[in-house]
Amino acid sequence: MNFSEKIIDWYLKNKRELPWRETKDPYAIWLSEIILQQTRVVQGLDYYCRFLEAFPTIFDLAKATEEEVLKLWQGLGYYSRARNMHAAAREIVTTYGGMFPDNYSAIRSLKGVGDYTAAAISSFAFGLPYPVMDGNVIRVIARYFGIVAYCDKAEGKSQIKKALNAVFDIKHPAEFNQAIMEFGALQCIPVNPSCSTCILKENCVAFEKAMVKELPVKSSKTIIKPRYFHYLIIHDGDEIIIKQRGAGDIWQGLYEFPLIETSSETTPDEVMKHPDWKYLKGKHSWNILKIQSGVRHILSHRILHVTFYEIAGKIYRLPFGAKKIKKDNLQDYAVPVLIEKYLKQN
DNA sequence: AATACGGGGTG
DNA sequence: CACCCAGTATT
């Protein structure tokens with residue numbers, strides 16, 4: 001058996017049952033692929049089901065507001081995926097009359113669809129011969145061929161792509177793509193793969209050279225920088241102030257409380273002297289109900305040091321983009337997990 | 001070519 | 001704590 005036959009044979013015996021593998025609907029497949037970008041299957045599964053239930057067709061998704069889509073996406077992260085997906089749905093409805101594009105280049109030009117996702121949809125929904133190259137595939141190929149170049153740089157990617165093309169099964173693109181990704185996810189895993197039981201070990205260069213642990217090689221380590229957030233939860237009777245986050249920063253489109261950000265660790269006394277605090281408070285008198293400091297929230301490249309200030313009082317002037325809503329309606333707004341966790345505990 | 005962009009699981 | 005996940009867009 002060649003590489004493709006082995007890996008497809010392994011796949012048929014070991015694959016997980018996943019809902020997006022039971023459909024040929026390009027809309028559902030596209031939905032699953034966007035959700036699964038940089039996201040584990042187990043984490044995306046519930047979201048996939050909820051999205052398909054809320055928006056069974058692309059017309060339903062296109063009709064929804066961006067805020068509805070973001071609310072359903074809440075907790076998944078990388079929120080540009082949701083915004084781009086929503087924009088793409090509207091584009092497909094207006095430009096293609098709701099018919100999902102059926103060729104690689106049209107699919108690739110959709111918002112939020114890159115090389116990986118275009119190949120995935122092309123092969124899974126339309127049977128077109130495009131190999132996918134995701135994190136799983138990179139790992140499997142880098143090990144099997146013993147590719148030592150940095151896989152997160154152009155040279156390494158090019159080598160992997162070349163090797164992948166050499167083993168790609170042009171006659172069974174969908175099955176091959178599913179198989180190699182599943183193989184990477186279940187067998188050829190990042191840490192402590194079970195090489196002794198591997199069906200590819202006879203021809204695996206990394207196994208032969210005892211380099212499995214070193215491959216694939218990645219260059220850049222993300223530096224995690226701190227940010228200091230101070231949230232003002234301003235209670236005005238049964239109402240509360242929230243504000244939507246704008247472009248060019250984390251959590252675009254999500255809601256949060258009025259935020260004062262400082263460039264370093266700052267005590268509550270100092271925060272209360274901050275120009276933004278004074279601007280929000282104006283001439284009103286505020287009753288500080290509670291201060292919860294020391295909350296940490298980790299993002300992929302940031303660590304947030306957060307303090308929450310519970311305040312009873314009126315806001316002097318609503319900042320741009322802020323609004324006053326009934327506390328009971330807060331649940332209708334998409335908020336970052338950081339905010340959601342705080343609300344649940346308080 | 002490098003960086004921004006979430007959140008959670010795993011050893 | 002470090003690494004990684006069915007990556008893409010922007011600079």
Side-chain angles (χ1 to χ4, degrees), chain A residues 11 15-16 18-21 29-48 70 73-85 87-88 107-125 130-140 142 150-158 174 176-186 188-193 213-214 216-225 227 245 247-254 296-304 334-341:
Chain A
Y11 172 67
K15 66 173 179 172
R16 294 166 288 185
L18 300 170
W20 45 84
R21 290 184 179 152
I29 290 167
W30 165 65
L31 194 57
S32 76
E33 292 302 339
I34 302 297
I35 286 174
L36 292 173
Q37 287 168 5
Q38 288 291 285
T39 303
R40 287 165 195 279
V41 162
V42 286
Q43 192 189 358
L45 199 47
D46 289 343
Y47 284 87
Y48 173 79
L70 281 173
W73 197 272
Q74 178 179 311
L76 243 197
Y78 286 162
Y79 296 91
S80 65
R81 289 184 291 170
R83 299 194 313 271
N84 287 334
M85 183 179 77
I107 295 169
R108 176 65 179 81
S109 68
L110 260 22
K111 274 191 177 182
V113 174
D115 290 343
Y116 162 77
T117 304
I121 299 171
S122 296
S123 61
F124 299 152
Y130 294 89
V132 294
M133 204 168 101
D134 74 332
N136 293 309
V137 175
I138 287 170
R139 186 170 54 255
V140 172
Y150 290 117
C151 70
D152 52 357
K153 298 206 165 185
E155 171 60 19
K157 275 201 167 55
S158 153
F176 177 90
N177 283 341
Q178 290 285 183
I180 191 168
M181 284 196 288
E182 191 78 334
F183 189 77
L186 300 182
C188 195
I189 54 179
V191 183
N192 292 329
K213 212 176 161 188
E214 340 293 332
V217 184
K218 296 195 176 180
S219 58
S220 56
K221 296 176 204 76
T222 51
I223 299 163
I224 300 181
K225 293 176 184 168
R227 292 177 73 172
R245 287 187 68 90
D249 202 350
I250 58 172
W251 300 332
Q252 182 183 338
L254 274 62
R296 298 183 340 143
H297 188 76
I298 314 275
L299 281 59
S300 53
H301 59 307
R302 295 278 181 266
I303 175 162
L304 275 28
V335 298
V337 165
L338 168 68
I339 303 289
E340 183 72 17
K341 281 183 177 167

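Convention: sequence-line order gives letters A, B, ...; per-chain numbering from 1. When reading the values below, keep in mind they use all heavy atoms of this one structure, side chains included, and skip hydrogens, waters and symmetry mates.
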What I want to check is whether an N or O donor and acceptor connect the side chain of A:R302 with the base of B:dC5 at under 3.5 Å.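 Answer no: no donor N or O sits under 3.5 Å from an acceptor.
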Under 3.5 Å donor-acceptor pair, A:T39 side-chain atoms to B:dG6 base atoms: yes
Would you mind telling me which of [options] lies closest to the side-chain atoms of [X]?
X      : options             : answer
A:R40  : C:dA6, C:dT8, C:dC4 : C:dC4
A:V337 : B:dG7, B:dA1, C:dA6 : B:dG7
A:P190 : C:dA6, C:dG7, C:dC4 : C:dC4

Would you say a side-chain N or O of [X] is under 4.0 Å from OP1 or OP2 of [N]?
X      : N     : value
A:K153 : B:dA2 : yes
A:Y79  : B:dG7 : yes
A:R83  : C:dA9 : no
A:K111 : C:dG7 : no
A:W251 : B:dG7 : yes
A:H301 : B:dG6 : no
A:T117 : C:dT8 : yes
A:Q38  : C:dC5 : no

Between A:R83 and A:Q252: side-chain donor-acceptor atoms closer than 3.5 Å: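 The criterion, which ignores hydrogens and geometry beyond distance, is satisfied for A:Q252 and A:R83.
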Ignoring hydrogens and geometry beyond distance, is a side-chain donor-acceptor pair present between A:E33 and A:Y116 at under 3.5 Å? yes
Select base, sugar-phosphate, or nothing to describe what A:S300 touches, counting heavy atoms under 4.0 Å on all strands.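 It contacts base atoms.
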Mind calculating the distance between [atom1] ([X]) and [atom2] ([N]) to the nearest angstrom?
X      : N      : atom1 : atom2 : value
A:Y150 : B:dA2  : OH    : P     : 11 Å
A:R296 : B:dG6  : CZ    : C1'   : 16 Å
A:I224 : B:dA4  : CD1   : P     : 12 Å
A:D249 : C:dT10 : CG    : P     : 16 Å

Can you find a pair of side-chain heavy atoms, one from A:L338 and one from A:W251, that are under 4.5 Å apart? yes
Are any of the side-chain nitrogens in A:R227 or A:D249 under 4.0 Å away from the carboxylate oxygens of its partner? yes
If you find the nucleotide of DNA chain C closest to A:L36 and the one closest to A:R108, which residue's nucleotide is nearer the 5' end?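 The residue whose closest nucleotide sits nearer the 5' end is A:L36.
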